[in-house]
Amino acid sequence: MILALETSCDETCAAVAEPDGTVRSSIVASQAAEHALFGGVVPEIASRRHLELIGPTVAAALAEAGCTAADVSRVAVSAGPGLIGALLVGVSFAKGFAYANGVPLVAVDHLQGHVASLRLAAAPPVGAHLVLLASGGHTLLIDVEADGSLTTIARSMDDAAGEAFDKGARLLGLGYPGGPALAALADDGDPRARPFTRPLAGRADLAFSFSGLKTALAMAVAAEAAPPADLAAAYQEAIVDHLLERARLGLSATGRTTLGLVGGVAANARLRQRLAELPVEVVAAPLAWCGDNAAMIAAAAVGLPALPPDQLLALDAHARSALG
Ligand code: KG4
Ligand code: ZN
């Protein structure tokens, strides 16, 4: 069995998967309630909570899978990118577990984990494809070659799409995490009531940008330009349109005919609905595996080499990734 850990932000996650990545259990202990008091993730609180939660979360994942530590033949851990103090809890636990049990350790890039969440779909993409990764920390177009190698072809110039949802929710007086709350309010609104100018309109380069939208929303909220539900709907529509338009450009630049959708924002119903407009096959990560989880880290670890045993204890967490 693979034991996988993920502690890059504010969710303490552990999963047990079979050697081919088939999920046996996945526990996500969310700290959202603690951070909601502050309107966003407080890194120091995240690290301390991970420390408290990691042991019980691993125990729960093993128990739910009907396993004990003796059944674990490989440990996988998300080593970055993310909050360094938060990552270090998972990395240290994983090193200790692997060392104590004499099993190999695989370091996984968190973004590669999100991409691998597509392997948990009912019909995963076959062959080369393009992936739209939209999360709280990143908005990327990642080209996946048939051999699985990944190249990032587009990044955000400023905020990430999830960050835009979270900041928009805060401006509208909604709680944290803001994405689901803003999406729920948008359900009752008319996106055409007060349309926002689309970011980077008319530009053919592949970059994303969301900070201008956030400023436009702040001004509209201050001016009471429309009821909050209409503003939420219009703001969501502008984010979705921008993601869609850049995905379209990325598909024509690469010639890929399959698009994968992953990351926390991939749970957004409007985005999933609008992506169906694209003239390609769209594979969205299953809802359970959009937000941070350890099952995707186990899936990414399948086929990745383990650290040489003499380097196991030298593994360090890293805040940034070559993919981001
Ligand atoms: O992938 P994720 O769990 O963590 C990171 O790696 O960042 O993504 C979290 C982000 C948050 O910004 C959250 O507001 C957003 O995903 N999110 C959503 C929805 N559910 C989560 N955004 C829009 N609509 C949703 N339904
Ligand atoms: Zn993530």
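FYI, the numbering just counts along the sequence from 1.
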TODO: Flag the pair Asn101 / Val72 as yes when at least one side-chain heavy-atom distance between them is below 4.5 Å, and no otherwise.
DONE: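 The answer is no, as the side chains (C-beta and beyond) never meet within the 4.5 Å cut-off.
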Kindly give the heavy-atom pair with the smallest separation between [X] and [Y], and that separation in Å.
X	Y	answer
Ala238	Phe196	CB-CB, 4.1 Å
Leu51	Val89	N-CG1, 3.8 Å
Val262	Val115	CG2-N, 4.3 Å

Task: Parallel, tilted or perpendicular: ring planes of His114 versus His110, cut at 30 and 60 degrees - done: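 Judged by the thresholds at 30° and 60°, the geometry between His114 and His110 is perpendicular.
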Quick check: does any side chain N or O of [X] sit under 3.5 Å from a backbone N or O of [Y], one acting as donor and the other as acceptor?
X	Y	result
Arg74	Ala301	yes
His138	Ser156	no
Thr152	Leu323	yes
Arg49	Gln31	no
Thr254	Gly250	yes
Thr139	Ala134	no
Lys95	Leu313	yes

- [ ] Report, as yes or no, whether the 6.0 Å neighbourhood of atom CZ on Arg198 holds more than 12 heavy atoms from other residues, nucleotides or ligands.
- [x]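 Correct, the count exceeds 12.
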TODO: State whether the number of non-hydrogen atoms from other residues, nucleotides or ligands found under 6.0 Å of Glu224 atom CD is greater than 12.
DONE: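 Incorrect, the count does not exceed 12.
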Task: Donor-acceptor side-chain pairing of Ser209 and Asp158 below 3.5 angstrom - done: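 Yes, because at least one side-chain N or O of Ser209 sits under 3.5 Å from a partner of the opposite role on Asp158.
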- [ ] For the residue pair Asp109 and Ser321, confirm or rule out a side-chain donor-acceptor distance under 3.5 Å.
- [x]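 Checked: Asp109/Ser321 side chains pair up, N/O donor to acceptor below 3.5 Å.
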TODO: Considering only NZ, NE, NH1 and NH2 on the basic side and carboxylate oxygens on the acidic side, decide whether Lys214 and Glu163 come within less than 4.0 Å.
DONE: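 Result for this pair is no, no salt bridge flagged.
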Task: Pairs meeting criterion salt bridge (Lys or Arg N to Asp or Glu O under 4.0 Å) with involvement of residues 12-22, two or more places apart - done: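 Pairs touching residues 12-22 that pass the test: Glu18-Arg24.
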TODO: Mind checking side chain to side chain donor-acceptor pair (under 3.5 Å) for Arg272 and listing every partner two or more places apart, or none if nothing turns up?
DONE: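 Partners of Arg272 by the side chain to side chain donor-acceptor pair (under 3.5 Å) criterion come out as none, since no residue qualifies.
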TODO: Check ring-ring contact (aromatic ring centres under 6.0 Å, His included) between His242 and all other residues, then give those that pass, not counting sequence neighbours.
DONE: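 Counting only residues at least two positions away or on another chain, His242 forms a ring-ring contact (aromatic ring centres under 6.0 Å, His included) with Phe208, Phe210.
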